[in-house]
Amino acid sequence: MSCHEMDFSVTPTLMRALNITWFVMMCKVIELVDTVFFVLRKKQKQVSVLHVYHHASTLFLCWLAVKYVGTGIALFSILLNSVVHVLMYSYYFLSIFQSLQKRLRPIKPYITVIQMV
C-alpha cells in the first residue's frame, strides 16, 4: 500500500466523491446542531467537552476535506467516524424497542469502546 498523489482533475468519478464528501460534511453540521440543542435544552449530562470538541473538530476536518482535498485516503478518518455514528445511532434506534433492550445490553460496552477508539 502506498500513498497516491492528489488528483485535482474534474472527472465524473471525482466529482461524485466530492459530492459525497460535501454530504458527509452537512451531516456533521446536523450533528453539531444536535449538540447545540442539547445545550439549549439544558441537557448538560449529555454534553461534555469531549463531545463538543469531537463534533466541532470533525466538522472542521470535513470542511477542510471539501475545500482542499476532495477525495483520497485523507477521507479515511471521516469515513471511520461516519461508520461509528451509524453503529451508534442504529444501537440507539434499536434500544427504543422494549423487546430488544435485553439483547442489546451486552453490546453497549462494545459501542462505547468503538466510540472511544
Side-chain angles (χ1 to χ4, degrees):
M1 186 163 150
S2 64
C3 292
H4 298 278
E5 289 185 30
M6 294 305 301
D7 185 357
F8 293 104
S9 62
V10 182
T11 64
T13 302
L14 291 176
M15 292 308 292
R16 191 171 27 253
L18 186 58
N19 284 335
I20 291 169
T21 305
W22 181 87
F23 176 77
V24 169
M25 185 183 77
M26 290 296 108
C27 290
K28 299 302 173 191
V29 168
I30 291 168
E31 290 171 4
L32 187 59
V33 169
D34 185 44
T35 301
V36 170
F37 283 128
F38 281 151
V39 172
L40 291 175
R41 288 181 13 222
K42 297 182 178 19
K43 300 280 186 179
Q44 303 302 337
K45 182 181 174 192
Q46 295 174 311
V47 180
S48 67
V49 173
L50 179 63
H51 181 94
V52 173
Y53 172 78
H54 167 74
H55 286 286
S57 64
T58 54
L59 174 59
F60 179 68
L61 290 173
C62 282
W63 175 80
L64 285 175
V66 170
K67 178 84 172 153
Y68 298 109
V69 180
T71 63
I73 195 69
L75 302 179
F76 185 69
S77 63
I78 295 168
L79 173 68
L80 280 178
N81 179 261
S82 296
V83 168
V84 170
H85 277 266
V86 166
L87 290 172
M88 185 178 69
Y89 289 124
S90 297
Y91 170 81
Y92 290 156
F93 173 73
L94 292 173
S95 67
I96 292 170
F97 302 104
Q98 196 76 24
S99 60
L100 295 176
Q101 286 179 356
K102 192 172 185 177
R103 289 188 207 164
L104 290 172
R105 198 168 297 131
I107 296 172
K108 187 174 183 177
Y110 295 108
I111 298 288
T112 303
V113 168
I114 290 169
Q115 285 177 289
M116 295 312 238
V117 169

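- Qualifying side-chain hydrogen bond (donor to acceptor under 3.5 Å, both in side chains) partners for His54, counting only residues two or more places apart in sequence or in other chains: Asn81, His85.
- Under the 4.5 Å side-chain criterion, counting only non-hydrogen atoms from C-beta, Thr13 is in contact with Arg16.
- One distance of note links OG1 of Thr11 with CG of Leu14; it measures 3.5 Å at 0.5 Å rounding.
- The shortest side-chain heavy-atom distance between Phe38 and Asp34 falls under the 4.5 Å cut-off.
- Interatomic distance, Ile107 CD1 to Leu87 CG, rounded to the nearest 0.5 Å: 10.0 Å.
- Taken to the nearest 0.5 Å, the CH2 atom of Trp63 stands 15.5 Å off from the CH2 atom of Trp22.
- A donor-acceptor pair is defined here as one N or O able to donate and one able to accept, closer than 3.5 Å; such a pair exists between the side chain of Gln101 and the backbone of Ser95.
- Interatomic distance, CG of Leu94 versus OG of Ser99, reported as 9.5 Å (0.5 Å rounding).
- When every heavy atom of Pro106 is checked against every heavy atom of Pro109, the shortest pair comes out as O-CD, 3.3 Å.
- At a threshold of 4.5 Å between non-hydrogen side-chain atoms, the residues Tyr92 and Met88 count as touching.
- A pairwise comparison of heavy atoms in Thr35 and His51 identifies OG1-NE2, 2.9 Å as the closest pair.
- For Tyr110, the OH atom sits in a loose shell: 12 or fewer heavy atoms of surrounding residues, nucleotides or ligands are nearer than 6.0 Å.
- Phe60 and Tyr53 fall into different hydrophobic clusters, defined by Ile, Leu, Val, Met, Phe, Trp and Tyr side-chain heavy atoms under 4.5 Å apart, directly or through other members.
- In this structure, the side chains of Thr21 and Cys62 stay at 4.5 Å or more apart for every pair of heavy atoms.
- Transitive grouping of hydrophobic side chains (ILVMFWY, heavy atoms separated by less than 4.5 Å) brings Ile96 and Ile111 into a common cluster.
- Cluster annotation: Tyr89 and Phe93 are assigned to the same hydrophobic cluster (Ile/Leu/Val/Met/Phe/Trp/Tyr, side-chain heavy-atom contacts under 4.5 Å, transitive).
- At a threshold of 4.5 Å between side-chain heavy atoms, the hydrophobic network of Ile, Leu, Val, Met, Phe, Trp and Tyr places Leu40 and Val33 in one connected group.
- Nearest heavy atom pair, residue Ala56 against residue Leu32, reads N-CD1, 4.0 Å.
- Val39 and Leu50 fall into different hydrophobic clusters, where Ile, Leu, Val, Met, Phe, Trp and Tyr side chains are chained together by heavy-atom contacts under 4.5 Å.
- Atoms CG and CE, from Asn19 and Met15 in turn, are 6.0 Å apart once rounded to the nearest 0.5 Å.
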